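Have a look at the structure below before the remarks.
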2 protein chains.
Amino acid sequence: MASSETPPDVYDSLRPVPRQRLYLQLVEKLTDFIEREGLRAGQRLPPERELAASLSVSRASVSQALVALEVQGIVDVRHGDGAVLLHEPLGVQVIATLRSRRSRLPEIIEARYALEVKLAELAALRRTDDDLARIDHALALMAVQVSAGDRGEAGDEAFHSAVTAAGHSGLLADIMGEIAPAILETRIESLSQPGRPEASLDGHLAIADAIRSGDPVEAARAMRVHLDLVSDVALLRGDQDIRTHFDHQS
Amino acid sequence: MASSETPPDVYDSLRPVPRQRLYLQLVEKLTDFIEREGLRAGQRLPPERELAASLSVSRASVSQALVALEVQGIVDVRHGDGAVLLHEPLGVQVIATLRSRRSRLPEIIEARYALEVKLAELAALRRTDDDLARIDHALALMAVQVSAGDRGEAGDEAFHSAVTAAGHSGLLADIMGEIAPAILETRIESLSQPGRPEASLDGHLAIADAIRSGDPVEAARAMRVHLDLVSDVALLRGDQDIRTHFDHQS
DNA sequence: CTGTCCTAGAGGCTAAGCCACCAGTCCTAT
DNA sequence: ATAGGACTGGTGGCTTAGCCTCTAGGACAG
């Protein structure tokens with residue numbers, strides 16, 4: 001296929017990103033335009049046809065961009081009338097939001113911080129011997145997998161699930177269950193990095209120790225440290241969102 | 001069909017739906033489909049062409065719907081690969097679960113700790129001027145209500161909602177939205193206690209200050225303190241569960 | 001002044017087509 | 001055998017062309 005040979009453009013390797021979707025570029029241009037023109041809420045954007053012509057893209061693409069802005073609540077597109085600005089988009093904010101939403105991984109990490117740190121606390125306070133047994137079992141499982149060269153995501157999942165159960169909070173557990181499938185994706189990605197399964201296992205041990213000794217503060221701290229590991233991965237392949245973890249427990 | 005002929009209804013100014021945009025209908029059908037088929041994160045939606053055919057719409061419309069889903073972080077559309085589900089749209093099933101748990105006040109408090117503390121952190125890091133304006137507006141609203149002898153739950157709700165928005169985490173916001181009805185109950189109960197609205201307002205001011213000055217650690221601490229207020233109430237009338245807050249930030 | 005009608009121009013949506021990309025396969029050269 | 005490159009089928013990305021529907025506002029009648 002003609003693709004593999006270097007295209008007309010000589011050094012187009014300057015394109016690190018697989019090229020952003022057109023509608024996202026257009027969203028950016030539109031928000032720029034709004035700012036540049038100083039448009040306020042209630043004012044109208046130029047007609048689609050006009051935008052398409054001046055940006056040299058098809059109407060369909062402009063329309064997609066408007067859908068994106070509409071979903072974000074920035075404009076209201078009115079049939080037969082035009083696209084009315086609802087809120088000023090606050091500059092780079094919008095496009096940053098859109099970009100970070102394209103991959104929700106950063107948000108998933110944030111949710112894990114919120115939920116699992118709390119669950120670790122609760123687990124330290126409430127774990128029964130039975131809970132501890134489940135946690136230990138998960139640790140053993142992952143240890144076996146890791147020493148066998150496996151990524152050990154099954155053990156990883158079992159561990160987090162055991163901690164969640166040990167927290168004895170039905171509501172939090174339900175919420176965790178809801179985002180669990182999404183977490184799985186980050187899990188696999190994280191554990192695919194060299195040396196990561198071992199590091200993750202260490203983190204688990206620290207968390208388990210804290211839970212065993214009934215120390216909620218330490219359990220929360222250990223969980224944060226553990227999640228920092230995961231978030232690094234996610235941010236690696238995801239887009240550069242604002243760092244979600246900072247100097248915890250200063 | 002005879003669709004557009006507006007029926008006998010005289011006061012059609014009530015017309016909330018000037019007929020929904022096609023892509024919105026498709027978004028609905030797609031989320032239904034996801035739920036019905038029990039699709040989990042990582043799985044793929046049918047190809048655009050197939051969807052277009054089976055829904056009897058053009059590919060362009062399907063594409064718009066996918067843009068909407070992508071902007072919302074539900075799906076990741078990968079060129080040459082397909083549309084991959086990132087996380088299930090929080091479904092009705094969860095809502096049902098939550099509803100049945102409505103009276104589990106201690107659990108609701110725990111969930112609020114988990115979510116809102118993190119959201120306060122994020123808000124301190126990410127708040128825009130617009131976010132701050134919303135927060136201040138909520139503060140003002142509650143101040144007025146309280147000084148008028150009202151419990152001020154509307155202002156309270158507005159405040160927490162503004163903080164949630166300022167966190168700029170769609171997923172966490174979604175989860176908050178899910179448990180919001182349950183929270184309302186605790187809110188009213190808490191604010192019904194003498195002197196409580198004033199104390200709550202003070203808490204809000206502290207949180208707002210931290211968010212304004214961009215101090216995530218302080219924002220989290222202030223939020224914890226504030227929630228401690230609420231949890232006292234809940235524990236009063238609920239079962240005396242283990243204290244969920246302890247020596248934070250040791 | 002008031003109400004009706006008309007129409008320009010805006011978005012909504014479709015159809016058909018070509019291009020770019022990904023992953024698996026098969027085939028070749030080492 | 002096996003590593004590496006080309007092929008291929010399927011998927012999304014985007015365009016062009018065109019017709020339909022809706023809204024707002026002006027012209028015109030009453």
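Bear in mind that the values here come from a model prediction, so they are computed numbers and not experimental data. Note on naming: letters A, B, ... go to the chains in the order of the sequence lines (proteins, then strands), and numbering restarts at 1 for each one.
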Establish, with yes or no, whether the OP1 or OP2 oxygen of C:dT14 is under 4.0 angstrom from a side-chain nitrogen or oxygen of B:Ser61.
->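 The answer is yes; a side-chain N or O of B:Ser61 sits under 4.0 Å from OP1 or OP2.
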Are the charged groups of A:Glu48 and A:Arg59 less than 4.0 angstrom apart, N to O?
->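 Yes, this pair counts.
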So which one's nearest nucleotide on DNA chain D is more toward 5', A:Arg78 or A:Ser56?
->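 With A:Ser56 and A:Arg78 compared, the 5'-side residue is A:Ser56.
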On DNA chain D, check which nucleotide each of B:Pro46 and B:Ala60 is closest to and give me the residue with the more 5' one.
->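 This one resolves to B:Pro46.
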B:Gln64 side chain, from C-beta outward: closest of D:dG12, C:dC13, C:dG11 |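 Closest of the options to the side chain of B:Gln64: C:dC13.
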Nearest to side-chain heavy atoms of A:Arg21, which nucleotide of C:dC13, D:dC14, C:dG12 =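 So the side chain of A:Arg21 is nearest to D:dC14.
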Do the rings of A:His160 and A:His226 sit parallel, tilted or perpendicular, given the 30° and 60° boundaries?
->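 Rings of A:His160 and A:His226: parallel, as their planes differ by under 30°.
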Heavy-atom distance under 4.5 Å between the side chains of B:Val77 and A:Arg21, does that happen here?
->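 A side-chain contact exists here, since the closest heavy-atom pair is under 4.5 Å.
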DNA chain C: B:Asp81 or A:Glu70, which has the more 5' nearest nucleotide?
->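 Nearest nucleotide further toward 5': that of A:Glu70.
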In whole angstrom, what separates A:Leu45's CG from C:dA10's P?
->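 Taking atom P of C:dA10 as the reference, CG of A:Leu45 is at 13 Å.
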Interatomic distance where CG belongs to B:Asp76 and P belongs to D:dG12 [whole Å] =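 It is 12 Å, rounded to the nearest whole Å.
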Checking only heavy atoms, does the side chain of A:His79 share a donor-acceptor pair with the base of D:dT21 at less than 3.5 Å?
->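 Checked by distance alone, the answer is yes.
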Looking at D:dG12, does its base get a donor-acceptor pair with the side chain of B:Arg49 below 3.5 Å?
->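 Yes, a donor-acceptor pair under 3.5 Å.
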Pick base, sugar-phosphate or nothing for A:Arg59, based on heavy-atom distances below 4.0 Å to the nucleic acid.
->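 The answer is base, as A:Arg59 lies within the cut-off (heavy atoms under 4.0 Å) of a base atom.
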Return yes if some donor-acceptor pair links the side-chain N/O of A:Arg44 with the main-chain N/O of A:Ala83 below 3.5 Å, else return no.
->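 Checked: no pair found.
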